[in-house]
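The block underneath contains the structure these notes are about, expressed in structure tokens.
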Amino acid sequence: MWAGGVWRAALSGAPRGRRAQSALAQLRGILEAELEGIRGAGTWKSERVITSRQGPRIHVDGVSGGILNFCANNYLGLSSHPEVIQAGLQALEEFGAGLSSVRFICGTQSIHKNLEVKLARFHQREDAILYASCFDANAGLFEALLTPEDAVLSDELNHASIIDGIRLCKAHKYRYRHLDMADLEAKLQEAQKHRLCLVATDGAFSMDGDIAPLQEICHLASQYGALVFVDECHATGFLGPTGRGTDELLGVMDQVTIINSTLGKALGGAAGGYTTGPGPLVSLLRQRARPYLFSNSLPPAVVGCASKALDLLMESNAIVQSMAAKTQRFRSKMQAAGFTISGASHPICPVMLGDARLASCMADDMLKRGIFVIGFSYPVVPKGKARIRVQISAVHSEEDIDRCVEAFVEVGRLHGALP
């Protein structure tokens, strides 16, 4: 006969097991209902499987033949550039697969420091700090920099990573209407009672293809004693005469205090993000930014690829100069066909459709015609503002662009988006 305590434990274990199974069944029911709601709303996001390198022409699982890719962040076409790939292989061979450590323990190699110096020089700032992604850079900045004595003023359409980063900090939070400088000024006036005021904006807004009015933002910041932060993920490498970003494009490089950006788009497309700005700020982030302190170092191959991509960009701006004409070609032809294209002059060209199902179905039919694009809908964009976001790359040819437009016209007429 079992001892009393063991017997009682065995008897009580069965109800606990049933309760656990009941809780799991309840969880499954909640999740399935939520997933069904997403499907029913037409906002389900499927993942197409690419079976080739990233580039203007790719192969997709289940689709015969080559596909033209018009939805990558591969703005300069460097994701599969032979010199970038070779630099990654060389770094892998020389420095290994990874560091198995965060930076401050034993995760800093010479290539990490060299890339940080190179990024700071590229942006004409004092110092830079690497992260695993720009999402991490945004998650680490505001909490480390701002206190309950401070204020942050954020554009209402800023990227989710900026929004989430701001939520983590204890500063007073103000949100101004998208690109509305009168509203920003009103919020700055209201925030004058705080110690530091930081205006936070995307340089280029990834869902709409519009560009922040940095000249006006910097003027207001100067007038009210505020600092300016810009997320340059969709600008670094290709906006401005030499690809420095929106601050170069608009002539305010000396007025923007802090820049966060990514290595995962124009600069090789692998992974990684960074903050660049005043030296003391970067030093503080090395001490306090949680994503930096508690995440492994960037793998050497990623660092090698990004460093080579930056070298290619600094050696020549020929790739950058080719972007404007190709972007204008697509925008003008689509508008002439009757489509509404959001934004202006940015290689992000959102084809505005409104209805989520329409955007999804048109994207599927574009793939059947050899064009890879994706429909975007809630919660990535506001309800009723679904779209297909087209992104032009420097390695797209004029023939590629014309073929994409022709497919859009055909599919648009098929679905009633065009007369």
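Residue numbers run from 1 in the order of the sequence given.
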Exercise. Please lay out, stage by stage, how Lys187 and Asp183 fare under the test salt bridge (charged side-chain N to carboxylate O under 4.0 Å, His left out).
Key: CA-CA 6 Å; Lys187 298 296 193 300; Asp183 194 38; 2.8 Å; yes
With side chains defined as the heavy atoms from C-beta onward, is the minimum distance between [X] and [Y] less than 4.5 Å?
X: Glu248; Y: Thr242; result: yes
X: Asp136; Y: Ser295; result: yes
X: Gln391; Y: His346; result: no

Practice problem: List the steps, then state whether side-chain hydrogen bond (donor to acceptor under 3.5 Å, both in side chains) holds for Asp231 with His159. | Solution: CA-CA 9 Å; Asp231 181 312; His159 190 268; 5.6 Å; no
Exercise. Assess whether salt bridge (charged side-chain N to carboxylate O under 4.0 Å, His left out) is satisfied between Asp400 and Lys326, documenting all intermediate values.
Key: CA-CA 10 Å; Asp400 294 339; Lys326 293 177 180 180; over 6 Å; no
Exercise. Classify the side-chain pair Gln192/Tyr224 by whether it contains a donor and acceptor separated by less than 3.5 Å.
Key: no
Which heavy atom of [X] sits nearest a heavy atom of [Y], and at what distance?
X: Ile162; Y: Ala200; result: CG2-CB, 4.5 Å
X: Val409; Y: Ala337; result: CG2-CB, 3.7 Å
X: Pro241; Y: Gln321; result: O-NE2, 3.0 Å
X: Ala204; Y: His234; result: CB-O, 3.5 Å

Quiz prompt | Salt-bridge present (Glu116, Lys113; N to O < 4.0 Å) | solution = yes
Quiz prompt | Parallel, tilted or perpendicular, as decided by the 30° and 60° cut-offs, for the rings of Phe70 and Phe330 | solution = parallel
Self-check item: Identified side-chain contact (heavy atoms from CB on, under 4.5 Å) counterpart of Ser342 within the set Arg389, Met352, Lys385
Solution: Met352
Can you tell me how far apart [atom1] ([X]) and [atom2] ([Y]) are? Round to the nearest 0.5 Å.
X: Leu146; Y: His194; atom1: CG; atom2: NE2; result: 11.0 Å
X: Ile258; Y: Phe229; atom1: CD1; atom2: CZ; result: 7.5 Å
X: Glu156; Y: Ile163; atom1: CD; atom2: CD1; result: 9.5 Å
X: Asn158; Y: Asp164; atom1: CG; atom2: CG; result: 11.5 Å

Quiz prompt | Flag, side chain of Thr108 to backbone of Arg103, donor-acceptor distance under 3.5 Å | solution = yes
Quiz item: Ring centroid separation for Phe205 and His178, is it under 6.0 angstrom?
Solution: yes
Quiz item: Given Arg39 and Glu36, is the salt bridge (charged side-chain N to carboxylate O under 4.0 Å, His left out) satisfied, shown in steps?
Solution: CA-CA 5 Å; Arg39 294 187 188 98; Glu36 190 55 41; 3.4 Å; yes
Practice problem: State which residues pass ring pair (Phe, Tyr, Trp, His ring centres under 6.0 Å) with Tyr274; sequence neighbours excluded, sorted by chain then number. | Solution: His123
